[in-house]
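Please read the structure below before turning to the comments.
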2 protein chains.
Amino acid sequence: MSPYDPSAHPPFAVTVDLVVLTVRQHALCALTVRRGEPPFQGRWALPGGFVRPDENLAEAAARELAEETGLRAQQPAPATSGAPGPYGTGGAHLEQLATYGDPQRDPRMRVVSVAHLVLAPDLPAPRAGGDARSARWAPVDDLLQAEGGAPEEEQRAQLAFDHARILADGVERARSKIEYSSLATAFCPPEFTVGELRRVYEAVWGVALDPRNFHRKVTGTPGFLVPAGGTTTRQGGRPAQLFRAGGATLLNPPMLRPEL
Amino acid sequence: MSPYDPSAHPPFAVTVDLVVLTVRQHALCALTVRRGEPPFQGRWALPGGFVRPDENLAEAAARELAEETGLRAQQPAPATSGAPGPYGTGGAHLEQLATYGDPQRDPRMRVVSVAHLVLAPDLPAPRAGGDARSARWAPVDDLLQAEGGAPEEEQRAQLAFDHARILADGVERARSKIEYSSLATAFCPPEFTVGELRRVYEAVWGVALDPRNFHRKVTGTPGFLVPAGGTTTRQGGRPAQLFRAGGATLLNPPMLRPEL
DNA sequence: GATCATAGTCGTCTCACTGACGATAAACAT
DNA sequence: ATGTTTATCGTCAGTGAGACGACTATGATC
């Protein structure tokens, strides 16, 4: 077989799917949209859509993100290559996750989907997308525990296509990445307190962390947090110092996730 | 725009490219093949090829690996999904790396390439592929330092397409992954000594490690290494105990890569 | 207004682990 | 016999994390 023979390549559709995560009310939540047409009509799915001929994968993901959530998505910085990696999206973090291309993953045709991971602060309004499809935030625990041999009720809660696995992979990526990077700040507003950042870690990992050790760790890591100058009392209790994300992206040594 | 409209999707070609790494003579090397046709005729490139209609991405990568290197590639275990992750390939480790889909990355048509990373022990014969293309192992340092504004000689050494970036991403993945996983054993034969494993780390990271601390670390991590029962003197010096890779895949705490 | 609840911040102690490095062991080369 | 090479065991000091005590500053409640 000769590689790159244009007449030989089978027809593929290429899409981007989005795992958009945020932390709301102490729970890690993912954005889901309700499907308006078969297959999986009425079921929830991850937002996504086709890659257009003139855009790269990151641009397609940013465009879909803007269309589905209204999240302002700045263009991926240099865009000189299709390489993965984080690109700024006006507050939200966007990076390529993985690609899913099982022949049977879409019953209608051969679809290869390049999944992207988005980490966003809790949005003021979880508005639906411009194309009138309804959207909602759902706790990832609810979305994922519906897997396995389950009664009919849970059947309806299951995500369409292979989106449950994509979501699981995205959640795992987020869980491991906040260990060794400053990515947890992507879940926070521009200014936040140490306690708010700690609650992000607790929600993403599903564990309780010691406030004192956490405070020592994050304030003691150079470049992780920079004081923003004010204090806030929005959490109740003693006023807390406000911080902004520092320039450092890598945490060394990493934040340790408690066992079990 | 209606998602999943079959008539609306532009024609994409989907390929897999392979970053095949091994350690030979104290250097991290990558497998490259010489291109026999334009564009980039005569230049070196990463092995790869089209995904066939009836195979998933992992299967396509394993098939290309077998075709280009003769490496026996077992079928990815359950293959119930197109999800990324390691699958056994008869000694060599195979995992999805990232996907590259810039509109201009191939001058002939829109090609989306799902790159995979393969870690293999030093092969007895670096044989060329079945399709008569010449193949060779090249130190990744040579392949990557050819980047940047360089004289004409280095121009010829540069990899075709965006393969230099794909290779760089694969090398970085390997470098970081041996920190917190037992993946370095994928570069070793079934039975190996602590010193051989240390030389793998030294070659991949490009640093010198203290033999005594390294020995303490790897033998003290439960499940990392299991004694194979014999000794060998193939490295000269005092005979060394032979080990096999243990069941543990995650190293906790991780092996620390020295600064700079 | 005193008390309580809540949350933030600073310290202390101990243990695990790492990096630096000394010392010994078992092979081969000369 | 002696030196060289590589493997393996031990020691010691410093860093950082987990456990947890103590104190502080706010709002809520009696």
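- Both A/Pro254 and B/Thr219 sit near DNA chain D, but only B/Thr219 has its closest nucleotide nearer the 5' end.
- The CE-C1' distance, from B/Met255 to C/dC17, rounds to 13 Å in whole Å.
- Looking at residues two or more places apart in sequence or on another chain, you find a side-chain contact (heavy atoms from CB on, under 4.5 Å) between B/Ala115 and B/Leu97, B/Tyr100, B/Ile166.
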Would you mind writing out the side-chain donor-acceptor pairs for residues 202-211 of chain B within the sub-3.5 Å range, not counting sequence neighbours?
residue: B/Glu202; atom: OE2; partner: B/Arg198; partner atom: NH1; Å: 3.4
residue: B/Glu202; atom: OE2; partner: B/Leu209; partner atom: N; Å: 2.9
residue: B/Trp205; atom: NE1; partner: B/Arg175; partner atom: O; Å: 2.8
residue: B/Asp210; atom: OD1; partner: B/Arg212; partner atom: N; Å: 2.8
residue: B/Asp210; atom: OD1; partner: B/Arg212; partner atom: NE; Å: 3.3
residue: B/Asp210; atom: OD1; partner: B/Asn213; partner atom: N; Å: 3.0
residue: B/Asp210; atom: OD2; partner: B/Arg212; partner atom: NH2; Å: 3.0

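- For DNA chain D, none of the residues of residues 195-204 of chain A falls under the heavy-atom distance limit of 4.0 Å.
- Evaluation of the side-chain contact (heavy atoms from CB on, under 4.5 Å) rule for B/Pro139 yields B/Cys29, B/Asp142 as partners, not counting sequence neighbours.
- For the pair B/Thr22 (side chain) and B/Pro121 (backbone), a donor-acceptor distance under 3.5 Å is present.
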Could you go over nucleotides 24-28 of chain C and give all protein N or O partners under 3.5 Å, atom names and distances?
residue: C/dA25; atom: O4'; partner: B/Arg238; partner atom: NH1; Å: 3.3
residue: C/dA25; atom: N3; partner: B/Arg238; partner atom: NH1; Å: 3.3

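- Atom-to-atom, NZ of B/Lys217 to C1' of C/dA16 comes out at 11 Å; the value is rounded to the nearest Å.
- Here A/Arg173 pairs with A/Glu95 under the salt bridge (Lys or Arg N to Asp or Glu O under 4.0 Å) rule; sequence neighbours left out.
- Residues in residues 213-248 of chain A take part in these ring-ring contact (aromatic ring centres under 6.0 Å, His included) pairs, two or more places apart or across chains: A/Tyr201-A/Phe214.
- With DNA chain C read from its 5' end, the first of the two nearest nucleotides for B/Arg212 and A/Asn213 is the one closest to A/Asn213.
- Qualifying side-chain hydrogen bond (donor to acceptor under 3.5 Å, both in side chains) partners for A/Glu172, counting only residues two or more places apart in sequence or in other chains: none.
- Rounded to an integer number of Å, the gap from CZ of A/Arg216 to P of C/dC13 is 13 Å.
- Protein atom CG of A/Leu242 is 11 Å distant from nucleotide atom P of C/dG8, rounded to whole Å.
- What separates CZ of A/Phe192 from C1' of C/dG8 is a distance of 16 Å, to the nearest Å.
- Bracketed by its first and final contacts, the part of DNA chain D lying under 4.0 Å from non-hydrogen atoms of chain B reaches from D/dT5 to D/dT11 in 5' to 3' order.
- Listed by first then second residue, pairs satisfying salt bridge (Lys or Arg N to Asp or Glu O under 4.0 Å) with a partner in residues 219-238 of chain B read B/Glu196-B/Arg234, not counting sequence neighbours.
- One atom, CZ of B/Phe214, and another, C1' of C/dG19, lie 15 Å apart when rounded to the nearest Å.
- A/Ala228 meets the side-chain contact (heavy atoms from CB on, under 4.5 Å) test with A/Glu191, A/Leu242, A/Arg244; sequence neighbours excluded.
- Between the B/Gln96 side chain and the A/Thr99 main chain, a donor and an acceptor come within less than 3.5 Å of each other.
- For B/Leu209 and C/dG19, the CG to P distance is 9 Å, given to the nearest whole Å.
- Annotation: side-chain contact (heavy atoms from CB on, under 4.5 Å) contacts of A/Tyr180 (sequence neighbours excluded): A/Lys177, A/Pro254.
- Distances shown here put a side-chain N or O of A/His215 below 4.0 Å from the OP1 or OP2 atom of C/dT9.
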